[in-house]
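Following: one structure in structure tokens, then a few remarks.
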Protein chains: 8
Amino acid sequence: MNEPRLDELGFAVVDLDRERRQGLPEIVYGPGKTSEEIAAIVTSLLAGCEGPVLVSRVEADVAASVLGSPELVSGRDQGEYDAGARLLVWRPRPAGTVSLTVVSAGTSDGPVAREAAGVARAIGLDVTEHADLGVAGIHRILGRAEEISRADLVIVVAGMEGALASVVGGLVAVPVIAVPTSTGYGAAFEGVTALLAMLSSCAAGVTVVGIDNGLGAALAAHRLATTLDRRASR
Amino acid sequence: MNEPRLDELGFAVVDLDRERRQGLPEIVYGPGKTSEEIAAIVTSLLAGCEGPVLVSRVEADVAASVLGSPELVSGRDQGEYDAGARLLVWRPRPAGTVSLTVVSAGTSDGPVAREAAGVARAIGLDVTEHADLGVAGIHRILGRAEEISRADLVIVVAGMEGALASVVGGLVAVPVIAVPTSTGYGAAFEGVTALLAMLSSCAAGVTVVGIDNGLGAALAAHRLATTLDRRASR
Amino acid sequence: MNEPRLDELGFAVVDLDRERRQGLPEIVYGPGKTSEEIAAIVTSLLAGCEGPVLVSRVEADVAASVLGSPELVSGRDQGEYDAGARLLVWRPRPAGTVSLTVVSAGTSDGPVAREAAGVARAIGLDVTEHADLGVAGIHRILGRAEEISRADLVIVVAGMEGALASVVGGLVAVPVIAVPTSTGYGAAFEGVTALLAMLSSCAAGVTVVGIDNGLGAALAAHRLATTLDRRASR
Amino acid sequence: MNEPRLDELGFAVVDLDRERRQGLPEIVYGPGKTSEEIAAIVTSLLAGCEGPVLVSRVEADVAASVLGSPELVSGRDQGEYDAGARLLVWRPRPAGTVSLTVVSAGTSDGPVAREAAGVARAIGLDVTEHADLGVAGIHRILGRAEEISRADLVIVVAGMEGALASVVGGLVAVPVIAVPTSTGYGAAFEGVTALLAMLSSCAAGVTVVGIDNGLGAALAAHRLATTLDRRASR
Amino acid sequence: MNEPRLDELGFAVVDLDRERRQGLPEIVYGPGKTSEEIAAIVTSLLAGCEGPVLVSRVEADVAASVLGSPELVSGRDQGEYDAGARLLVWRPRPAGTVSLTVVSAGTSDGPVAREAAGVARAIGLDVTEHADLGVAGIHRILGRAEEISRADLVIVVAGMEGALASVVGGLVAVPVIAVPTSTGYGAAFEGVTALLAMLSSCAAGVTVVGIDNGLGAALAAHRLATTLDRRASR
Amino acid sequence: MNEPRLDELGFAVVDLDRERRQGLPEIVYGPGKTSEEIAAIVTSLLAGCEGPVLVSRVEADVAASVLGSPELVSGRDQGEYDAGARLLVWRPRPAGTVSLTVVSAGTSDGPVAREAAGVARAIGLDVTEHADLGVAGIHRILGRAEEISRADLVIVVAGMEGALASVVGGLVAVPVIAVPTSTGYGAAFEGVTALLAMLSSCAAGVTVVGIDNGLGAALAAHRLATTLDRRASR
Amino acid sequence: MNEPRLDELGFAVVDLDRERRQGLPEIVYGPGKTSEEIAAIVTSLLAGCEGPVLVSRVEADVAASVLGSPELVSGRDQGEYDAGARLLVWRPRPAGTVSLTVVSAGTSDGPVAREAAGVARAIGLDVTEHADLGVAGIHRILGRAEEISRADLVIVVAGMEGALASVVGGLVAVPVIAVPTSTGYGAAFEGVTALLAMLSSCAAGVTVVGIDNGLGAALAAHRLATTLDRRASR
Amino acid sequence: MNEPRLDELGFAVVDLDRERRQGLPEIVYGPGKTSEEIAAIVTSLLAGCEGPVLVSRVEADVAASVLGSPELVSGRDQGEYDAGARLLVWRPRPAGTVSLTVVSAGTSDGPVAREAAGVARAIGLDVTEHADLGVAGIHRILGRAEEISRADLVIVVAGMEGALASVVGGLVAVPVIAVPTSTGYGAAFEGVTALLAMLSSCAAGVTVVGIDNGLGAALAAHRLATTLDRRASR
């Protein structure tokens with residue numbers, strides 16, 4: 001067991017070894033951190049790692065403040081803000097050979113779907129998006145079934161009753177990662193209904209991440225890409 | 001307000017006025033009653049009402065014992081036991097003009113679907129059944145969509161994630177009554193997942209009854225038939 | 001299966017086929033959309049459909065902004081805002097022959113009851129409203145029982161313990177659609193208590209929609225009217 | 001503070017002071033105790049207290065075994081078993097001047113109602129019972145409203161949606177103690193729905209005890225009788 | 001059954017018969033009503049009833065606005081605002097002979113305890129208050145046990161684990177009404193923990209009202225006073 | 001859209017097209033089916049499909065009865081029963097090139113882990129198992145970390161607090177599918193605690209299936225193998 | 001990091017290093033294991049460790065079978081069965097200097113209290129037990145307060161509303177470990193109410209273990225004894 | 001039983017005896033109290049007790065206002081504000097001989113960890129802190145295992161899935177007190193997931209306090225120190 005490489009910043013300990021272990025630097029979770037703290041962690045990751053550096057769930061004003069901080073303005077790598085995905089990205093990877101389709105059910109599932117797509121794109125997946133494919137209009141899904149099933153894997157983002165995961169899971173043979181969203185009102189219970197429905201899907205082999213966790217779905221896709229790449233390189 | 005007509009049996013008070021108010025005699029809920037008690041209530045209803053008399057959730061041995069009880073054996077109306085629906089029926093109504101389709105998702109939803117269909121048939125609806133139409137095989141549903149949409153109303157019976165209600169609700173324009181079942185395991189939570197999913201359906205205007213409540217769905221269908229008949233007779 | 005008619009607006013995909021399938025254009029859910037987005041979707045629906053166009057859950061300022069948007073101001077059909085129902089309506093249908101009674105339990109159930117009534121009226125039902133009929137004053141309900149039971153169907157809106165659904169369900173023979181509201185405090189648990197109580201109603205054949213879902217109840221009423229109209233036109 | 005009078009039996013400590021503090025000897029909860037243990041506790045209470053001695057939730061075979069145990073057979077006070085209430089009673093009090101009405105909603109609420117009534121009767125209340133008064137048949141309740149409202153207090157026993165507590169609470173001015181029962185299926189959730197509904201009752205001033213807790217309701221009635229008697233004796 | 005006396009105000013239906021049925025005019029629940037609406041209802045109640053008129057859960061600014069409204073300023077009966085109880089009162093009853101003790105566990109239970117005490121006082125009970133008697137300092141409770149047990153009934157107000165209800169219930173023989181509060185954090189779950197604990201109290205015969213429902217507890221006390229007064233007047 | 005190939009058996013509709021769509025015949029869920037029904041479905045699948053035929057959750061006596069049924073005894077393909085995995089298998093696939101490691105936390109997680117491993121093996125994955133690696137003895141896991149991380153994907157099976165998913169997820173870069181089990185007592189709440197913990201894992205990109213759903217995890221692995229095989233064959 | 005000492009038995013991996021790390025051999029959890037499996041694990045632990053060997057939650061017949069198994073009958077250390085604690089023990093430690101008091105609320109909390117006391121005694125704590133100290137009879141607790149507060153730590157075992165933990169926590173200054181039990185019915189919800197109440201205790205510094213987890217409380221006591229012993233030996 | 005020494009301030013009753021009973025003056029819970037009320041209680045405690053006086057959960061502006069209040073500015077003991085722990089402290093104890101390690105999982109667990117550490121330090125424990133030791137980077141924990149295990153006891157603070165408690169509990173032999181935090185989103189459910197996971201920990205003998213209850217963990221540590229000190233002084 002090697003001594004882990006850590007950067008102790010006082011308010012946080014940055015794990016510089018994550019990249020070696022998992023093929024990707026630690027992704028910074030934005031909420032609850034000041035823009036100074038975010039800038040310091042990003043600086044540490046840019047210096048200590050080689051891959052893409054991402055900060056998730058960043059509002060526009062915080063993003064501007066981070067991008068304008070002295071240590072980052074003067075750095076070699078310039079960051080970009082993806083407002084739809086609420087994501088800050090430095091050193092994005094070019095699209096590789098692994099293809100991902102992100103399918104979402106309604107307009108209000110958009111932010112979560114865009115987070116999943118934005119992160120996946122930044123870390124090198126070849127991403128296609130299909131929005132607004134609710135199961136109440138089943139023909140819309142069927143019209144795109146063939147196109148969807150050509151991807152290496154599919155992320156399904158849905159709130160309310162989350163039925164889209166079951167329908168897509170029944171249509172395609174590749175891995176389906178379901179993301180329940182907190183969309184809906186009343187008996188949707190902040191995403192719990194969609195979460196339970198996806199876990200109980202009658203389409204076998206669908207797996208699930210936490211509510212609104214677009215980032216987690218993208219990282220699950222990254223794990224899959226790791227295996228695909230590893231086998232391709234043998 | 002008229003004085004209500006009641007038959008006080010000691011262990012129960014039979015509401016003989018229900019038929020006048022609701023167009024159907026009270027339906028007897030079997031569990032927790034002895035076969036003697038059931039026979040006494042049925043005898044009271046046969047004497048005090050004119051319409052069909054039903055006992056729900058009756059196991060085969062209890063049914064045999066009720067049917068063989070002296071007061072019923074010698075009665076004018078002979079009862080029959082519908083094992084699939086776990087239902088005892090006296091004086092069933094002939095099929096009227098109101099058509100109902102009962103759609104169910106998997107083989108284990110069968111008992112609840114058969115209860116809904118059995119009760120509906122006994123009280124005079126014209127019932128068609130479609131079983132085993134899970135959304136994981138969406139083409140099976142689509143192949144029957146047109147046939148389903150010809151009914152006056154549709155009952156959808158599903159457990160697990162209950163997505164069938166949303167898909168059918170999106171395909172037909174007529175009333176859809178969803179019945180969640182306690183089918184499934186793990187995160188299906190004894191029907192709670194299907195119940196919540198159906199209440200959160202993205203197919204607007206779907207209504208829901210309690211878990212495993214096939215009887216309730218059939219009686220909701222009866223209410224609709226009441227309105228149809230009333231309008232027809234104007 | 002025909003190719004579905006869709007209008008892709010970038011931020012949303014408008015399903016122009018819904019009207020053909022379900023007899024009513026898609027209803028726009030207001031929250032989470034900008035007034036520009038709402039105006040664009042409404043414009044698309046007015047152009048691509050023939051029936052009434054509705055936007056639900058719209059606050060007064062957003063409504064004013066939508067109504068004042070250039071593409072709608074200059075349009076052929078002028079919209080109106082129903083503040084009590086928080087509803088924007090273009091091309092309302094005249095009242096048809098199907099009668100609906102909306103009964104609510106307390107003053108705080110008002111907004112949900114008005115949404116149900118407002119939507120139902122806009123899509124052509126003949127609506128009567130009875131407010132403030134809590135079961136703690138049971139004589140108020142009984143005094144109107146006969147009037148209520150004359151409708152083709154009844155929507156019951158209640159929070160707290162939701163008992164009104166059981167009482168009305170026992171008094172009338174026609175379809176009863178129950179809407180639990182998030183009214184109440186403490187053990188009312190944001191409508192969950194009323195929801196569970198309505199699902200467990202001892203008045204058989206009552207069906208339920210999600211918490212605060214007045215819109216859903218109105219659309220369930222529309223489904224019923226569809227069947228009634230279809231039979232009337234045979 | 002006096003030294004408490006306790007009888008230590010090894011497997012249990014009998015609190016002989018309860019009678020002085022609360023006007024009634026400790027009531028023995030039957031389940032989980034052997035008939036030998038019950039007999040020993042009863043013997044201790046008969047010797048150390050003066051009032052009625054009760055054992056609740058006793059099945060018939062255990063009751064027979066307790067009544068036949070040597071120390072009790074030879075005792076001065078002979079016990080009786082009330083099968084309906086599943087109650088063993090020694091030294092019941094004669095009916096006093098405090099009147100209690102126990103109202104229940106359906107036949108399956110019977111056992112809990114009978115426990116409440118049986119305990120109340122044994123400890124000296126003047127008890128009247130009204131069974132099978134479900135709110136779906138509201139006229140049955142109204143027909144007895146005047147009679148019910150003459151009691152000093154009312155216990156309402158109901159499962160399913162528990163609406164009877166609200167209706168009775170609105171009809172009478174005296175104390176109403178509501179007992180939810182685990183009756184019902186599906187969304188009744190073993191009495192939780194009735195419990196929540198009763199706690200959220202729109203009839204003000206209704207109080208609630210735990211699910212199926214007929215004994216607790218009877219003891220709440222005893223507390224009230226204590227106050228009434230204390231004031232009468234001033 | 002007499003025709004009920006109702007005052008239809010458009011936005012609300014005032015039940016003027018409540019006083020005859022329950023011995024107290026309807027109590028107005030403040031939240032969600034404008035000060036104009038409150039003033040109109042109060043005016044209606046002052047005109048149509050004889051007893052005390054109360055409005056609960058009123059913040060100071062709304063109270064001032066209601067008290068200053070033209071129809072009330074010029075009225076015969078002048079209202080008063082009890083800030084601690086957040087209560088508006090017209091025509092309070094003088095203290096009668098029925099004594100009530102309100103016991104609360106911690107300083108943050110104060111508002112609920114004061115609501116219970118304020119309402120009870122306004123409707124004619126003779127109220128004593130004991131605050132800050134948490135069970136972690138059990139000697140504080142014991143030091144006042146005798147005084148508490150002299151009341152005709154006791155209201156116990158407690159949040160967190162709600163243990164005070166069990167301790168007081170074990171010390172006194174008179175009725176104990178427990179009010180769980182939403183005090184506490186973490187596993188107190190907004191009062192659910194205290195509610196469940198009070199319903200499961202090992203002190204038999206304790207009854208419970210909803211979370212934070214001080215008003216409900218006071219009205220339960222009023223029901224008891226009704227019985228006491230009725231018996232006294234025989 | 002092709003016409004789906006279905007085999008209607010009366011009590012069930014067998015979807016013979018599943019194999020074409022998903023690369024694997026439908027897997028039969030044993031519970032709730034008689035051995036005659038299982039035998040009929042298996043016979044239909046053996047005739048209509050080419051791949052492996054599996055029945056899950058079969059107890060030993062049912063398995064023997066199915067294997068001994070006339071139509072199967074005389075068939076070309078002979079079935080085998082895997083008692084540890086409670087699985088019946090006909091025509092298992094030989095191990096392919098995709099490697100899977102199944103890691104489980106405690107001895108009581110065994111049955112679920114064996115179901116996952118058994119199904120995966122039968123459908124052609126190259127499976128390795130590591131049992132009894134609870135996180136309370138973290139060194140056991142670390143000692144095998146390198147071996148585990150060599151697989152193409154990892155299934156983690158754990159009950160109680162489900163922490164093993166987070167630890168393994170942090171150690172390996174490949175896909176991790178977590179299966180919560182209903183192991184544990186008290187606050188483990190039949191697997192809910194492990195389920196929630198796995199969904200909240202701090203190890204990013206872990207995905208989850210339903211409680212005790214070893215079969216689902218194996219089928220998720222099959223989806224991954226489908227992508228791997230498809231890419232290999234390009 | 002040393003190589004961990006493990007004994008791989010096929011169906012289980014015995015962690016022989018636990019004793020070095022935690023001062024106590026692994027404790028075997030009985031349920032779900034055959035008596036042969038238990039005997040094999042015990043044999044392994046007796047051979048590979050030096051301290052006491054315990055098996056928890058063993059019913060009498062399994063215990064007899066384990067004790068009579070060939071490898072254990074002929075062993076050097078003879079086991080004993082403690083029926084009250086459902087515990088098998090080999091090589092118990094003599095009582096050390098650390099004193100523990102186990103306090104329980106009612107007779108039905110006995111089995112959990114006896115498990116806590118039995119395990120604690122077997123691993124060398126000096127244990128005193130106080131049973132049947134429910135808070136409804138608060139004087140019983142106060143009479144023993146001084147004796148209880150003399151212990152080095154206290155375990156409080158209670159079901160129903162779990163108030164005993166708060167009362168004892170307020171009386172003593174030493175560590176209090178609370179064990180909720182699944183005692184009670186209705187709103188006790190299988191121990192959840194007691195669990196939540198103990199976590200919300202107003203007596204600061206009380207810590208909690210899982211429902212019915214007497215074993216866990218005893219091992220928490222062992223951790224404290226470890227610190228005490230370590231300090232004593234410095 | 002001595003008469004308890006209480007200071008009645010009108011809005012609160014200060015328990016001056018707590019120090020004698022529990023070795024520490026009552027700790028003031030800040031939220032919901034005005035700075036005047038806090039100042040009055042602190043003044044009472046400084047006068048009536050001898051030990052440290054603490055106010056928890058105080059925001060910076062309230063703290064400044066309390067510290068600047070006339071009665072405290074002129075007092076003998078000057079208070080200090082610990083912003084990280086949101087704690088006001090007067091008369092802190094010097095570090096004694098009992099050592100405590102506070103371990104936390106992520107940066108967002110910081111505030112709770114700092115409250116635990118701040119309170120513990122103020123009441124005389126010798127505190128070390130280790131932050132940001134999430135289990136997804138298990139090597140970080142292992143690298144500090146030896147140092148952590150040297151403490152007399154350990155507090156583990158973690159949100160999300162709370163797995164850190166199990167890992168640390170398996171590494172050290174001394175008491176481990178786990179504090180779940182409301183960190184995390186989606187299925188973390190405001191700390192409930194971490195709470196349940198810690199209560200179900202596979203590392204035996206871990207005890208738990210309420211969600212975010214850093215103060216409670218510090219006071220549990222104080223209880224342990226009381227026992228250690230008491231034994232040392234014998």
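Each chain gets a letter, A, B and so on, in the order the sequences are listed, and its residues count up from 1. All values reported here derive from a predicted model rather than from experimental measurement.
The shortest heavy-atom contact between H:Ser200 and F:Thr193 is OG-CG2, 3.8 Å. F:Ala163 and H:Ala163 make their closest contact through CB-CB, 3.3 Å (heavy atoms, listed as atom of the first residue, atom of the second, distance).
A distance of 11.0 Å separates CD in H:Glu161 from CG in F:Leu199, rounded to the nearest 0.5 Å.
The side-chain contact (heavy atoms from CB on, under 4.5 Å) test with H:Ile138 is passed by exactly one of F:Val167, F:Val168, F:Ile141: F:Val167.
Across F:Ala203, F:Cys202, F:Ala204, the residue that shares the most heavy-atom pairs under 4.5 angstrom with chain H is F:Cys202.
Within a 6.0 Å sphere centred on CD of H:Glu147, heavy atoms belonging to other residues, nucleotides or ligands number more than 12.
Residues F:Leu142 and H:Leu142 meet the side-chain proximity criterion, which asks for heavy atoms closer than 4.5 Å.
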